[in-house]
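Step one of this worksheet: look at the structure below.
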Amino acid sequence: MRPSMQALRPWTRLIRFLGKDGKVYTGEPQGPLTWPKATSNLKLSAGDQDTLTAKVIKGDIFSSQSAATVTDTIVPVAKLLSPIAHVPIFRCIGLNYAKHAEETNMPIPKYPILFMKPSSALQDPFKPVVVPKIVENNQADFECELAVVIGKACKSVKEEEALDYVLGYTVGNDISSRKWQGSNLGSGQWCFSKSFDTFAPLGPALVSKELIKDPNQLRIKTTLNGKVMQDSSTADMIFHVPRLISFLSQSTTLMPGDVILTGTPEGVGFKRDPPVFLQHGDHVVCEIEKIGELHNTVAYESKFSPEE
């Protein structure tokens, strides 16, 4: 570790990580967050970093972005963690891409469709999405989504001021169990079907709104075992990010660290012919332009142990 000698500055790209000294840090990565050689791997060593380093970020990222600054102290990265240590609540938007509404034969909604995920659904990059036994019957599905992290408390926000309350953007995967979500098992249980532990991976980095001026002009893509499944743009959102923040904050306080999952584009597994569902050992990569790649492997609970 080398000590800081340079003037402090605000962060623009943030990762949370386990350093090779065994300590957890927040830092600014010193290199691109892409892993072209990453493969399906359920071992504890999955996602081990060899060459990535980061400059340590000091201060509270939620007090104000200027209070959290980048030092010149460089730490080698051992493992990436979710960029936010704790998410108070995930507010998730259903059916928010026009082409996704078309593929599901659903009408364009008049207002954003809201459901929730609990904080316990959070998962780190490279760690497994654990599909519970009651979901192992061909129903687990992927949904790549732009994740908006709220930076300061806000309530009844005007649309034109909404982005002032954003801390940054990251990549999310809204893992879903379709039979519980639909009428087969759950009679429309959206929250239950999407809220299992590990069903909300986030990463690899949090990118500031200074680098992403318009969150609705980003390419968004999912690959499953190397095959492209989703390839679209956040421009296809029915309700753009400022509209979502304004709508969700009506007489409701959005808190620092809250995450808004903004919906998924077309190409989800259950609407394919034949349908494609996540299987034990599958490797899912969700990628968003200017943010990076979120890698996770799928583990069926009945076949998996953390020591595998």
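Keep in mind that this is a model prediction, so the values were computed, not measured.
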To the nearest 0.5 Å, what is the distance between [atom1] on [X] and [atom2] on [Y]?
| X | Y | atom1 | atom2 | result |
| --- | --- | --- | --- | --- |
| Gln279 | Asn138 | CD | CG | 5.0 Å |
| Lys20 | Thr53 | NZ | OG1 | 9.5 Å |
| His86 | Ser119 | NE2 | OG | 5.0 Å |
| Leu261 | Leu146 | CG | CG | 9.0 Å |
| Cys286 | Ile291 | SG | CD1 | 11.5 Å |
| Thr12 | Lys209 | OG1 | NZ | 14.0 Å |

Minimum heavy-atom separation for [X] and [Y], please, with both atom names.
| X | Y | value |
| --- | --- | --- |
| Leu211 | Arg13 | CD1-CG, 3.7 Å |
| Asp174 | Lys117 | OD1-CE, 2.6 Å |
| Ile238 | Pro109 | CD1-CD, 3.9 Å |
| His240 | Ala235 | NE2-O, 3.6 Å |
| Cys144 | Thr222 | CB-OG1, 2.9 Å |
| Pro88 | Pro256 | CG-O, 3.8 Å |

Check whether Tyr165 forms a cation-pi arrangement with Lys152 (NZ or CZ under 6.0 Å from the six-membered ring centre, at most 45° off the ring normal). yes
If only atom types and distance count, is the side chain of [X] paired as donor or acceptor with the main-chain N or O of [Y] below 3.5 Å?
| X | Y | value |
| --- | --- | --- |
| Asp141 | Phe270 | yes |
| Asp236 | Ser233 | no |
| Thr252 | Ser249 | no |
| Glu301 | Lys133 | yes |
| Lys179 | Asn137 | yes |
| Ser246 | Pro242 | no |
| Gln250 | Ser156 | no |
| Ser120 | Pro118 | no |
| Ser82 | Ile84 | yes |
| Asn296 | Asp124 | yes |

Would you say [X] and [Y] make side-chain contact, with heavy atoms under 4.5 Å?
| X | Y | answer |
| --- | --- | --- |
| Glu143 | Val268 | yes |
| Leu202 | Leu294 | no |
| Leu114 | Arg91 | yes |
| Leu278 | Val284 | yes |
| Asn216 | Val241 | yes |
| Lys221 | Gln230 | no |
| Val75 | Phe17 | yes |
| Asp21 | Lys23 | yes |

Check whether [X] and [Y] end up in the same hydrophobic cluster, where Ile, Leu, Val, Met, Phe, Trp and Tyr are linked by side-chain heavy atoms less than 4.5 Å apart.
| X | Y | result |
| --- | --- | --- |
| Ile260 | Met255 | no |
| Val129 | Phe277 | no |
| Leu122 | Leu167 | yes |
| Leu14 | Val70 | yes |
| Phe239 | Val166 | yes |

More than 12 non-hydrogen atoms from neighbouring residues, nucleotides or ligands closer than 6.0 Å to [atom1] on [X], yes or no?
| X | atom1 | result |
| --- | --- | --- |
| Lys127 | NZ | no |
| Glu102 | CD | no |
| Lys58 | NZ | no |

For Gln49 and Phe126: C-alpha separation, side-chain torsions, deciding distance, then whether side-chain contact (heavy atoms from CB on, under 4.5 Å) applies. CA-CA 11 Å; Gln49 300 298 308; Phe126 289 105; 4.1 Å; yes
Apply side-chain contact (heavy atoms from CB on, under 4.5 Å) to residues Thr234 and Glu289 and explain how you reach the verdict. CA-CA 10 Å; Thr234 57; Glu289 181 184 359; over 6 Å; no
Candidate pair Met229 and Thr223, rule side-chain contact (heavy atoms from CB on, under 4.5 Å), full reasoning: CA-CA 5 Å; Met229 308 298 281; Thr223 60; 5.9 Å; no
Evaluate the ring planes of Tyr300 and His280, with Trp represented by its six-membered ring, and classify them as parallel (under 30°), tilted (30 to 60°) or perpendicular (over 60°). perpendicular
Apply side-chain contact (heavy atoms from CB on, under 4.5 Å) to the pair Val171 and Glu287, showing each step before the final yes or no. CA-CA 7 Å; Val171 184; Glu287 181 180 1; over 6 Å; no
